[in-house]
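Below is one structure, written out as structure tokens, with a few remarks after it.
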Amino acid sequence: MNIRKQFKDGLITQNPVLVQLLGMCSVLAITTTLFNGIGMGVSVTVILICSNVVISLLRKVIPQNIRIAAYIVVIAGFVTMVDLLIQAFLPDLSDSLGVFIPLIVVNCIILGRAEAFASKNSIAASAIDGLAQGIGYTVVLIIMCVIRELLGNGTFGGGILNGGLGIRIIPEGYPAMLLVLPFGGFLTLGVLIAFVQWALKRSETRGKKTEEVAK
Amino acid sequence: MSITSILSIALGAILVENFILVKFLGICPFMGVSKKMDTALGMGLAVVFVMGLASIFTWLVNEYLLVPLGLAYMQTVAYILVIAALVQFVEMFLRKTIPTLYEALGIYLPLITTNCAVLGVALLNTQNGYNFIESVVYGITGGLGFTVAIVLFASVRERLEFAEYPEAFEGFPIALVSAGLISLAFMGFSGLRVW
């Protein structure tokens, strides 16, 4: 078990959103204020850890043929718990995320990790994998939120700071409203993924060059 | 309930509040199976079919099972089970009765279980308090909206193969940017109200 590698995978080399391209719906839809992004990221991380642990625990019991259905039931159970907790304690978050909290059930990241990792590895490793992948997802959400909120609305920390309004950085009238609209979601994510592809390729060619020099 | 309310639901689901481009439901299949026009059309039709059926069955389950038993909080679990079972049955039924349609839709059907547009439409029906007919109309027209978006997107993507763009945008990023432009075009429909 290699904890450092797992975290590096989750955050960069195997980032669920930017490299594996999973869970697009929520990333595009809810990243308009920092509050939404953190709320969604933490919910998904908690559900991912719980479902990874339970599925890893049951990996020898679940029959091969109906494993997907079994995973979905486990995931749906945890999603319902988180949904009810958010409705009870953070009604504002529940209002602004709306239907996207129950839709975590069909978020491909969670099912993907269940199938690719938790069904084959020990409980502790699965829990760490859940945490690492969840943090990777949350970080992308936060980056998307900060960019879209700053350029689209001119504020930072909407929903949390300054009584929910956020701190105004760009004066009113200047921000490009477009970025908070659906178009902005597609554009920001596209540019972000392009940047990551560029950076990964660059570090790869650099690695090759240093290898050659070493030889 | 009048015919105009039904028409405005249909118009909303197809154009103004398009499931993919405005609501961001069903992005995974939208990106995954939009490389070719005919596969995109196949996926779209399969989604129309399953979304219609899912609206019917989840409405019945909610009205006659969950609400009377006071289990409304189990909605998400119940709906996803209904959808998974439904997709499985549709697959078996089509294989036995209409093999040609089954062959056309075959590979897309299992993928639909994890399409968030299907679970989304079921949850939105309940959230909006739609009655039976409104739910079914919303389900089918939502699926049609999905089809319109995915077919448009597939035709744009076919052209992209001949386009020049920075190397870093290769593959997914350029697809996202072009999807963004289509969504920008669909924003022109916002506020559209005929009735």
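Chain A is the first sequence line, chain B the second, and so forth, proteins listed ahead of strands; every chain is numbered from 1.
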**Near-ring test A/Phe186/B/Phe24, centroid separation under 6.0 angstrom** = yes
**Item:** Side chain proximity check, A/Thr138 to A/Ile38, heavy atoms < 4.5 angstrom
**Value:** no
**Prompt:** With distance as the sole test, does A/Glu149 use its side chain to make a donor-acceptor pair with the main-chain N or O of A/Leu34 at under 3.5 Å?
**Reply:** yes
**Message:** Counting only non-hydrogen atoms closer than 4.5 Å, does B/Ala179 touch chain A with its backbone (N, CA, C, O), its side chain (CB onward), both, or neither?
**Reply:** both
**Request:** Examine whether an atom of B/Leu119 lies under 4.5 Å from a heavy atom of chain A, and if so say whether it belongs to the side chain, the backbone or both; otherwise answer neither.
**Result:** both
**Asked** Among B/Met31, B/Glu170, B/Met74, which has the most heavy-atom pairs under 4.5 Å with chain A?
**Response** B/Glu170
**Asked** Any side-chain heavy atom of A/Asn107 within less than 4.5 Å of one from A/Ser26?
**Response** yes
**Item:** Engaged part of A/Ile30 at the chain B interface, taking heavy atoms whose separation is under 4.5 Å
**Value:** neither
**Asked** Can you name the nearest heavy-atom pair linking A/Gly41 to A/Leu141, along with the distance?
**Response** N-CD1, 3.5 Å
**Request:** Under 4.5 Å heavy-atom distance to chain B, tell me which part of A/Phe195 shows up: side chain, backbone, both or neither.
**Result:** neither
**Message:** When you compare the side chain of B/Met51 with that of B/Ile140, does any pair of heavy atoms fall below 4.5 Å?
**Reply:** no
**Item:** Residues in residues 67-76 of chain A near chain B [non-hydrogen atoms, under 4.5 Å]
**Value:** A/Ile72, A/Val73, A/Ala76
**Asked** From B/Asn131 CG over to B/Trp59 CH2, what is the distance, rounded to the nearest 0.5 angstrom?
**Response** 7.0 Å
**Asked** So B/Tyr138 and B/Tyr130, would you call those rings parallel, tilted or perpendicular, with 30° and 60° as cut-offs?
**Response** perpendicular
**Message:** More than 12 heavy atoms of other residues, nucleotides or ligands under 6.0 Å from CZ of B/Phe89: yes or no?
**Reply:** no
**Fill in**
Bottom line for B/Ile182: the part with an atom under 4.5 Å from chain A's heavy atoms is neither
**Prompt:** With chain A, which of B/Val118, B/Val177, B/Thr76, B/Val22 has the greatest number of heavy-atom pairs at distances under 4.5 Å?
**Reply:** B/Thr76
**Request:** With a 4.5 Å cut-off on heavy-atom pairs, point out which of A/Leu103, A/Ile193, A/Leu187 contacts chain B the most.
**Result:** A/Leu103
**Prompt:** Does B/Tyr79 reach the side chain of B/Asn62, with side-chain heavy atoms less than 4.5 Å apart?
**Reply:** yes
**Asked** Of the listed residues (A/Thr80, A/Leu22, A/Leu200, A/Leu28), which shares the most heavy-atom pairs with chain B below a 4.5 Å separation?
**Response** A/Leu28
